[in-house]
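Here the structure is a predicted model, which is why all the values come from computation and not from measurement. Counting starts at 1 for both ligands and their atoms, following the listed order.
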Amino acid sequence: MSKGKLVVISGPSGVGKGTVVEKMMRMRDDLIFSVSATTREPRPGEQEGVSYYFISRERFEEMIRQGEFLEYDAHADNYYGTPRGQAEEKRARGTVLLDIDPMGARQVRDNEPEALLIFMMPPSVEELERRLRNRGDTSEDQIRKRMKRAVWEMEQRVWYDYVVVNDDAQRCAEEILRILANPSEN
Ligand code: 5GP
């Protein structure tokens with residue numbers, strides 16, 4: 001069975017990965033989003049099975065024990081992971097986009113050397129903090145933790161295949177599609 005590409009998109013929380021990925025999927029119908037499992041609470045507007053599979057810590061730990069994750073990581077007091085089964089099933093149908101953090105990206109790269117790794121940067125650190133605050137759904141304590149984590153995440157961009165800057169979601173989406181179309185020329 002032929003397998004589609006795995007495309008990892010990482011970037012600090014608040015950088016706008018969700019919006020860019022949505023725009024990419026609107027422009028190309030062979031892209032399929034890998035839905036992660038998480039133990040964090042849904043944010044307003046997030047739908048079960050679309051944004052994430054929202055599951056309990058007990059269930060997540062059971063899935064770890066059963067080897068059901070392609071990769072997983074703990075992030076801001078919660079677990080996040082890519083269920084292996086759904087990722088493989090989607091891969092049989094097209095190019096699969098994974099919105100995962102650098103710890104997960106490393107696991108994917110080690111297991112699937114062919115995967116394409118893209119890191120999304122904010123135009124500036126100040127802009128990232130402003131976007132996180134504007135989202136209005138994250139506590140002050142969470143913002144502090146996420147900003148600290150963001151600094152570490154942005155340092156990891158050096159080992160990614162490509163780095164893009166999300167100064168404008170549409171432009172950034174088009175840039176990533178160009179990379180996908182012709183990885184070696186970018
Ligand atoms: P958020 O809580 O803002 O939705 O996501 C927080 C972070 O978790 C983001 O950096 C996102 O890329 C990462 N993340 C989401 N799903 C996964 C996953 O399945 N695995 C890993 N390793 N990270 C994930």
Side-chain angles (χ1 to χ4, degrees), residues 6-22 24 32-57 59-61 63-64 66-91 96-112 115-122 125 128-157 159-160 162-164 166 169 172 176:
L6 281 184
V7 178
V8 169
I9 301 186
S10 302
S13 188
V15 75
K17 283 166 290 179
T19 311
V20 171
V21 165
E22 250 173 55
M24 287 167 59
I32 311 170
F33 186 65
S34 161
V35 179
S36 297
T38 183
T39 59
R40 86 151 158 73
E41 293 294 314
R43 296 199 187 102
E46 284 184 334
Q47 271 177 281
E48 167 69 20
V50 178
S51 325
Y52 283 106
Y53 297 106
F54 297 99
I55 66 175
S56 68
R57 188 164 272 271
R59 173 82 187 110
F60 202 104
E61 288 172 351
M63 287 175 72
I64 295 174
Q66 300 293 331
E68 290 180 35
F69 288 112
L70 184 65
E71 60 73 36
Y72 71 92
D73 188 31
H75 190 111
D77 299 335
N78 284 299
Y79 282 124
Y80 294 82
T82 305
R84 195 187 291 282
Q86 61 100 32
E88 288 304 319
E89 180 266 320
K90 286 174 177 168
R91 235 179 137 181
V96 180
L97 301 180
L98 291 88
D99 168 353
I100 63 176
D101 75 347
M103 299 296 283
R106 220 177 240 286
Q107 295 171 51
V108 170
R109 193 193 56 179
D110 291 347
N111 295 325
E112 305 269 350
L116 194 63
L117 271 50
I118 299 175
F119 195 92
M120 196 182 297
M121 288 286 286
V125 173
L128 182 69
E129 185 162 354
R130 197 184 63 75
R131 287 182 195 176
L132 266 183
R133 285 182 192 284
N134 276 0
R135 197 146 77 174
D137 54 7
T138 313
S139 70
E140 200 53 38
D141 179 50
Q142 284 286 331
I143 287 175
R144 265 197 307 277
K145 277 191 186 155
R146 282 174 188 264
M147 283 308 293
K148 199 165 160 229
R149 170 86 183 192
V151 170
W152 173 81
E153 283 200 23
M154 291 189 286
E155 287 167 4
Q156 306 308 305
R157 71 183 182 278
W159 52 264
Y160 276 70
Y162 297 94
V163 178
V164 296
N166 184 16
C172 188
I176 297 176

Ala37, any N or O under 3.5 Å of ligand 1 N or O: no
Can a salt bridge be assigned to the pair Arg133 and Glu140 using a cut-off of 4.0 Å between side-chain N and carboxylate O? yes
Identify, by atom number and element, the atoms of ligand 1 in contact range of Gly104, meaning under 4.0 Å from any of its heavy atoms. 22 (N)
Aromatic rings Tyr80 and His75: how do their planes relate, parallel, tilted or perpendicular, breaks at 30° and 60°? perpendicular
I'd like to know whether ligand 1 has Tyr52 as a neighbour, heavy-atom separation below 4.0 Å. yes
Nearest non-hydrogen protein atom, atom 2 (O) of ligand 1: Tyr80 OH, 2.5 Å
Under 4.0 Å from a heavy atom of Arg40: which atoms of ligand 1 are those, numbered in the order shown and with their elements? 1 (P), 2 (O), 4 (O)
Take every heavy atom of Ser10, measure it against each atom of ligand 1, and state whether any distance is under 4.0 Å. no
Contacting atoms of ligand 1, where contact means under 4.0 angstrom from a heavy atom of Thr82: 19 (O)
Measure the distance from atom 19 (O) of ligand 1 to every protein heavy atom, then report the residue, atom name and distance (to 0.1 Å) of the closest one. Ser36 OG, 2.7 Å
Closest heavy-atom pair, Met121 versus Val15, reported as atoms and distance to 0.1 Å, is C-CG2, 3.5 Å
Could you tell me if any non-hydrogen atom of Arg146 lies under 4.0 Å from any atom of ligand 1? yes
Closer than 4.0 Å to some heavy atom of Ser13 - which atoms of ligand 1 meet that? 3 (O)
Taking only non-hydrogen atoms of Asp73 and a 4.0 Å limit, the atoms of ligand 1 in range are 22 (N)
Side chains of Arg149 and Pro12: does their closest heavy-atom pair fall under 4.5 Å? no
So the atoms of ligand 1 within less than 4.0 Å of a heavy atom of Asp99 turn out to be 11 (C), 12 (O), 14 (N), 15 (C), 16 (N), 17 (C), 24 (C)
If you measure from the Lys or Arg side-chain nitrogens to the Asp or Glu carboxylate oxygens, is any gap between Arg84 and Glu88 under 4.0 Å? no
Against Phe54, only a single residue in Gln47, Glu48, Glu41 fulfils side chain to side chain contact (heavy atoms under 4.5 Å, CB included); can you say which? Glu48
Can you confirm whether more than 12 heavy atoms, excluding those of Met103, are under 6.0 Å from its CE atom? no
What heavy-atom pair brings Phe33 and Ser51 nearest, and what distance separates the two atoms? CE2-O, 4.3 Å
What's the separation between atom CD1 in Ile100 and atom CG in Leu70, rounded to the nearest 0.5 Å? 7.5 Å
Within a radius of less than 6.0 Å around CZ of Phe60, do more than 12 heavy atoms belonging to other residues, nucleotides or ligands occur? yes
With heavy atoms of Asp101 as the reference, note each atom of ligand 1 found under 4.0 Å away. 12 (O), 13 (C), 21 (C), 22 (N), 23 (N), 24 (C)
Ranked by distance from atom 20 (N) of ligand 1, the top protein heavy atom is Glu71 OE2, 2.8 Å
Show which atoms of ligand 1 fall inside a sub-4.0 Å distance from at least one heavy-atom site of Arg43. 1 (P), 2 (O), 3 (O), 4 (O)
Among protein heavy atoms, which lies nearest atom 9 (C) of ligand 1, and at what distance? Lys17 NZ, 3.4 Å
